[in-house]
Q: 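Handing you this structure, nothing more for now.
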There are 2 protein chains.
Amino acid sequence: MSRSGAEMADGRSLAERLGPSIESTRDQEATALDLVLTCVRSGIMSGLIEPGERLRQEELAEIFATSRIPVREALRALEYEGLVTSEPHRGFTVTALDGDLVDEIYELRILLEGQAVRLAVPLLTDEDLRDIEALYREMQESDDPDRALAARERFYLRLYSVSGRPRLVGLIVRLRQEVARALRWPTLQHGASFHQHFFEAIQDGDAERAVSQLTTHYQRVAVLIRRYLRESEGRTRGTPQERWLPRSESADR
Amino acid sequence: MSRSGAEMADGRSLAERLGPSIESTRDQEATALDLVLTCVRSGIMSGLIEPGERLRQEELAEIFATSRIPVREALRALEYEGLVTSEPHRGFTVTALDGDLVDEIYELRILLEGQAVRLAVPLLTDEDLRDIEALYREMQESDDPDRALAARERFYLRLYSVSGRPRLVGLIVRLRQEVARALRWPTLQHGASFHQHFFEAIQDGDAERAVSQLTTHYQRVAVLIRRYLRESEGRTRGTPQERWLPRSESADR
DNA sequence: CCAACCCGCATTGGATACATTCTAGACGTG
DNA sequence: CACGTCTAGAATGTATCCAATGCGGGTTGG
């Protein structure tokens, strides 16, 4: 327990990678649970914490200057969100995305987001469209990638919420979150043009055209991510010890 | 702490209702968390624990002879599954099904189960069909409602798993679980005839006919459940103190 | 030199205890 | 009688401590 930052992945210890996020988030979150939850989630989604990396409760507790209890609850919450995986008495690891999982998630996203679009578009009011257009502009014009990504998520959330289906929207949000990491990877050259076509179809009230745009785009993105995963398969990232192979084939649980 | 069974709903204390399930489940589950999770979940789904009933952590901890920590983690897991709802500093309650929620869940089930059927039917092997037919017969011929229900769930699980989409199947299982309580209510007179048509379509390899059967059946069931909810709205079940009205309109969270 | 066994350590799972925050009901007052 | 306040109780959030499990290194025998 004396070694403070022995676990490395991209050369820096977990504490070093998470440090900045902690200080900016502290005092914004009411409880230690929320602090850990927010920081670890953004760390995973931003790629700071790599897929397959092991998350030790005590190490995180030390980093966040708290006890293991809030850490455990935060990790369990992340497990429900799909971002980490746990096995009894073996601990938590960041869920690794494999090609099959990515394909299935994008297939589900096409199904669910398509349904949300079909339900929402006929119900759009002028106020909805104004809000959505503002988010669209923020997303397209922002130079900061983080801001652009955040605006994009709010854009979709705002649009889909019009459907009046909270459960559907909740499922979509979780699926998007699960693959958000992958969007950091160099897959989104033609994202801007898709968003333009998609938004124009929304503006025109043409749900089917929007769904069609969305479908072909997601299919393409899934292929790109799969290719990226295959290409990066050879070069091992992180030390082999930290690269943590699951014991069983796929404990989906 | 001295009052062992002060909380009643159908006349028996929570401990009395959960007791048998505990003893039969203990030693099968690895951790205390799994024990509480399994017992409370089956208690909710079987109707032993009523919608709207309050679940106090300390009471459950006492019942399961454990501490509050595994109880809390189990309740959080059930919250994620949608079976219980929590509000800060007010505790956990069994999620009450309202008509809108039921409608949305059945809409989602039509979407997701329809997709699973379309994916699975073309892939069915002879072995798959044999297994599925065995489960179908068990479901139709069993006199014990519990056995019939269990067989039905395994029937659908076996069928949908053929699709090779574990995430899709997982979502379906959770949605079915959420409304499983409602199926205890007198809504399924014509269930048998639907299952027959559905199974025959599966046997014929006609996915679209199966999806069409499923769609109209689920739409009808949703209407029946909604009517049942409206009719039973007047007569309060349980003592008024236990009947726990949500404070806000719909904290879906 | 290699393999199998065994012991020790690291890590997770769980229990108890305490501080804090909120709710709900009773009480008093305008 | 209505409304605000106050207080007792409970539920939550967290820390610390103990038990159980799994993994790896070391040792010993062939």
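Because only heavy atoms are used, hydrogens play no part in the values below, and waters and symmetry mates are left out as well, while side chains stay in. Reminder, nothing fancy here: chain letters follow the sequence lines and each chain counts from 1.
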Q: Could you please name the option among D:dT14, D:dT21, D:dA11 that lies closest to any side-chain atom of B:E58?
A: D:dA11

Q: What is the distance, rounded to the nearest whole Å, between atom CZ of B:F92 and atom P of C:dC22?
A: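 So the two atoms are 17 Å apart, to the nearest Å.
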
Q: Counting only side-chain nitrogens and oxygens, does B:Q57 get under 4.0 Å of the OP1 or OP2 atom of D:dA10?
A: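 No, B:Q57 has no side-chain N/O under 4.0 Å of OP1/OP2 on D:dA10.
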
Q: Please enumerate all residues that pass side-chain contact (heavy atoms from CB on, under 4.5 Å) together with A:Q115, with sequence neighbours excluded.
A: A:L119, A:L168, B:E107, B:L111

Q: Rounded to whole angstroms, how far apart are CG on A:L75 and P on C:dT12?
A: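 Distance check: A:L75 CG to C:dT12 P gives 9 Å.
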
Q: Which of these nucleotides, D:dA11, D:dT12, D:dC23, is closest to any side-chain atom of B:R56?
A: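 From the listed options, D:dA11 comes nearest.
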
Q: Using a cut-off of less than 4.0 Å, is there contact between a side-chain N or O of B:R90 and OP1 or OP2 of C:dA24?
A: yes

Q: Name all residues meeting the side-chain contact (heavy atoms from CB on, under 4.5 Å) criterion together with B:A222; count only those two or more places apart in sequence or in a different chain, and write none if there are none.
A: B:D103, B:Y106

Q: Could you pull out all residues at least two apart from B:A148 that satisfy side-chain contact (heavy atoms from CB on, under 4.5 Å)?
A: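 With sequence neighbours excluded, B:A148 shows a side-chain contact (heavy atoms from CB on, under 4.5 Å) to B:S142, given in chain and number order.
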
Q: Can you tell me the distance, in whole Å, between the CZ atom of B:R54 and the C1' atom of D:dT12?
A: 12 Å

Q: Distance check needed: D:dA11 P versus B:L60 CG, whole Å only.
A: 11 Å

Q: Enumerate the protein-to-nucleotides 15-17 of chain C contacts in which both atoms are nitrogen or oxygen and the separation is below 3.5 Å.
A:
{"residue": "C:dA15", "atom": "OP1", "partner": "B:T66", "partner atom": "OG1", "Å": "3.2"}
{"residue": "C:dA15", "atom": "OP2", "partner": "B:T66", "partner atom": "OG1", "Å": "2.6"}
{"residue": "C:dA15", "atom": "OP2", "partner": "B:S67", "partner atom": "N", "Å": "2.9"}
{"residue": "C:dA15", "atom": "OP2", "partner": "B:S67", "partner atom": "OG", "Å": "3.0"}

Q: Do the numbers put A:R76 on top of the ring of B:Y80, so that NZ or CZ is under 6.0 Å from the six-membered ring centre and no more than 45° off the axis?
A: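 Judged by the rule, A:R76 and B:Y80 form no cation-pi pair.
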
Q: Counting the atoms with a prime plus P, OP1 and OP2 as sugar-phosphate, which does A:E73 contact under 4.0 Å by heavy atoms, base, sugar-phosphate, or nothing?
A: nothing

Q: Can you list the residues that meet the side-chain contact (heavy atoms from CB on, under 4.5 Å) rule with A:T66, with sequence neighbours excluded?
A: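 So A:T66 forms a side-chain contact (heavy atoms from CB on, under 4.5 Å) with A:A32, A:F64, A:P70, A:V71.
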
Q: Quick one: ring-ring contact (aromatic ring centres under 6.0 Å, His included) partners of A:F155, sequence neighbours excluded?
A: none

Q: Between B:D128 and B:R158, is the side chain to side chain contact (heavy atoms under 4.5 Å, CB included) condition met? List the steps.
A: CA-CA 8 Å; B:D128 292 329; B:R158 182 71 177 81; 2.9 Å; yes

Q: I need the NE2-C1' distance between A:H89 and D:dT21, as an integer number of Å.
A: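 The distance from NE2 of A:H89 to C1' of D:dT21 comes to 5 Å, rounded to the nearest Å.
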
Q: Rounded to whole angstroms, how far apart are CZ on B:R72 and C1' on C:dG14?
A: 14 Å

Q: Please report, rounded to the nearest Å, how far the P atom of D:dC23 is from the CD atom of A:E87.
A: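 Atom-to-atom, A:E87 to D:dC23, this comes out as 9 Å.
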
Q: Expressed as a whole number of angstroms, how long is the span from B:E62:CD to D:dA10:P?
A: 13 Å

Q: Looking only at side-chain atoms of A:R76, point me to the closest of C:dT11, D:dG13, C:dG13.
A: C:dG13

